[in-house]
Amino acid sequence: MIVDAARGAPLGTDAQSPPPELVQLLTPEGERVEHPEYDVNLTPEEIKGLYRDLVIVRRIDTEAVALTRQGELGIWASLLGQEAAQIGSAHALRTGDMAFPSYREHGVAWCRGVDPLDLLGLFRGVNHAGWDPKAHNFHLYTIVIGSHALHATGYAMGIQRDGAENAAIVYFGDGATSQGDVNEAFVWSAAQNAPIVFFCQNNQWAISEPLERQSRIPLYRRAEGFGFPGVRVDGNDIFAVLAVTRKALDNARSGQGPTLIEAFTYRMGAHTTTDDPTRYRLQSELESWKLKDPIERLKAYLVKNEMADREFFDAIDAEAKQVGSDLRRRCLELPDPEPTAIWENVYATEHSLLAEERDQFTSYLASFEDVSR
Amino acid sequence: MNEGLRKAMENDPKVLIMGEDVGKLGGVFRVTDGLQKDFGEARVIDTPLAESGIVGTAIGLALRGYRPVCEIQFDGFVFPAFNQITTQLAKMRMRSLGTLELPVVIRIPCGGGIGAVEHHSESPEAYFTHTGGLRVVACSNPSDAYTMIQQAIECPDPVIFFEPKRRYWDKAPVDRDLSKAVPFDRAVVARPGEDVTVLAYGPMVKTSLEAAQADENHSIEVVDVRSLNPLDEETILESVRRTGRCVVVHEAPVFNGYGAELAARITEKCFYHLEAPVLRVGGFSTPYPPSRLEDHYLPDLDRVLDAVDRTFAW
């Protein structure tokens with residue numbers, strides 16, 4: 001299973017080595033395996049749909065990295081390698097469930113119907129979030145690590161008070177599990193028995209800090225101390241992620257409270273486009289994880305089971321390419337906001353100080369126009 | 001406060017109370033006394049002892065359509081929630097291009113004068129007035145407590161609501177007719193006068209009124225600023241232009257305190273009306289002292305009058 005030798009760190013510390021209970025339904029070679037507790041029953045069309053999403057979000061990601069390299073985005077946080085964790089868990093959501101992302105959940109955003117252009121707008125700096133969270137039940141990206149775990153908990157408390165059969169899911173990384181807010185969210189959701197799923201993508205690295213800097217036990221085992229179940233799933237296995245997340249959401253919706261899911265995965269790219277992982281991790285580690293690529297394993301499964309042929313894969317590749325080039329074109333066409341946007345939407349109604357600043361600055365800008373005449 | 005909260009809960013089923021010990025105990029100052037009994041545990045929530053959690057979950061509840069009123073037990077305990085207030089609560093409307101609204105009220109018993117141990121007597125208002133997206137208000141008397149808390153709860157913006165804890169025991173008539181109430185983002189002239197304007201808010205309004213009463217040599221106008229952000233410049237500047245002199249009073253340290261902003265704005269906008277520089281009276285640039293020294297640290301009637309005398313000596 002997950003081998004850690006490449007990192008050169010001693011094996012056997014609890015935080016690093018996955019225990020036998022890692023839930024897996026699809027091996028890295030694309031073999032379907034059974035698990036005593038978890039299963040998925042998907043039609044070939046549904047599986048092909050998952051594959052399509054995986055390929056398209058990877059293409060969106062690739063395009064965004066390229067746009068950053070060309071100076072069109074200020075920064076980008078790549079999801080490379082985490083596509084199955086995101087697409088699998090997002091497909092477990094119902095429309096009425098609410099997702100609270102961190103800032104790398106481009107795959108979840110895709111599944112929630114958010115236009116990827118709105119993600120790029122944020123990283124280009126034209127706004128802080130272009131999508132309507134209520135229209136997609138996909139909250140704003142949260143950059144302050146772990147803060148949104150409490151928002152999701154509060155939202156879940158609201159679901160309880162509404163008597164609704166929905167759940168909240170919150171996405172965060174291994175580093176976030178050290179944050180007070182995430183631990184407070186564990187405390188609160190347990191005490192309130194809130195309908196929430198904590199979806200931790202353990203991609204092994206918090207920028208340059210490996211997991212052993214955050215924890216001496218496997219992250220999913222943290223849940224036990226807070227009083228709710230934790231489960232570690234192969235985060236590169238889309239079937240297992242889907243099955244585990246479905247069950248956790250079902251439990252939440254039916255009054256059984258929170259679950260912590262640790263999706264064991266790997267950040268195959270840099271933390272962001274400003275990061276240089278060669279300074280802190282070995283290439284051989286990345287190479288070992290490439291063998292567990294989430295997309296390749298689903299492709300192998302589709303081929304082995306004769307569910308898809310060359311024509312299908314070519315069509316998906318063509319569609320992804322089209323999405324990418326459309327996205328590039330639309331990104332380049334994004335207009336810069338007007339200067340007065342600085343003062344918009346800060347308060348519900350006109351604010352005297354802001355109005356004064358805005359008017360003074362507008363006059364100041366106008367004074368340059370006078371000079372040029 | 002208690003009646004105001006009760007009224008807000010009766011008027012809107014989405015209003016929730018949350019905080020430490022706000023349920024059966026009714027809060028350490030009994031401000032929420034009896035509310036859990038009448039409105040139930042789902043609406044009056046005894047929270048875990050985690051201030052970041054109180055504000056963070058309140059944000060989530062607001063996203064779901066609720067109007068949470070959070071109690072931070074004491075001023076000095078707001079800092080664990082500082083991240084949630086400044087990076088999340090304040091910015092959410094702007095970050096969402098106006099699609100999200102967070103009508104969250106954060107009540108903070110503030111200020112000293114009750115002989116408390118450390119972290120129980122502070123005046124952290126400047127940290128919050130410095131943060132765009134928040135409204136910051138302070139009530140100074142029972143009638144304003146009743147009306148302003150209801151106005152704050154109705155407000156679609158997040159509101160930091162300061163309650164001068166040593167004035168909890170004050171008794172005064174309360175006008176229950178909200179329709180006649182001054183909007184909560186307006187200052188009021190608490191005592192008309194002609195010679196000098198004293199600007200105060202929260203606990204220092206009463207101190208300033210007592211000073212004005214005691215001064216036989218000058219006619220002191222006391223303006224209760226009430227709303228620190230937004231600031232009602234109209235009322236304040238009108239008063240200072242009329243009197244030509246101004247003293248700002250607050251419990252918080254003078255250095256970089258809210259009074260510095262008032263002094264700067266008044267100087268800029270009333271320059272030719274001023275007979276003297278705007279003077280500030282407040283706490284010292286130190287940590288809050290042990291309570292046996294707080295009478296020296298906190299502005300009192302004499303220190304207000306000393307500043308008034310100095311502004312006339314100019």
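Quick caveat: nothing in here was measured; it's all calculated off a predicted structure.
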Heavy-atom pair with the smallest gap, counting every atom of B/Arg93 and A/Asn345: CG-O, 2.9 Å

Residue pair A/Tyr347 / B/Thr131: nearest heavy atoms and the distance that separates them: OH-O, 4.3 Å

B/Asn229/A/His351 under side chain to side chain donor-acceptor pair (under 3.5 Å): CA gap, chis, key distance, verdict: CA-CA 9 Å; B/Asn229 189 358; A/His351 182 289; 2.6 Å; yes

Chain B interface, residue from A/Lys134, A/Gln160, A/His139, A/Glu344 that has the most non-hydrogen pairs under 4.5 Å: A/His139

Under-4.0 Å salt bridge between B/Arg265 and A/Glu356: yes

B/Glu233 versus chain A, the contacting section by heavy-atom distance below 4.5 Å: side chain

B/Gly133 to A/Val346 - nearest heavy-atom pair and separation: N-CG1, 3.6 Å

Closest non-hydrogen atom pair, A/Met157 against B/Ile45: CE-CD1, 4.2 Å

Sub-4.5 Å side-chain heavy-atom contact between B/Met92 and A/His151: yes

Proximity breakdown for A/Tyr141 and chain B, heavy-atom pairs closer than 4.5 Å: backbone

Heavy-atom side-chain contact between B/Thr47 and A/Trp188 under 4.5 Å: yes

Portion of A/Ile159 that has a non-hydrogen atom of chain B nearer than 4.5 angstrom: both

Largest heavy-atom contact set with chain B, pairs under 4.5 Å, which of A/Ala129, A/Ser147, A/Gly180: A/Ser147

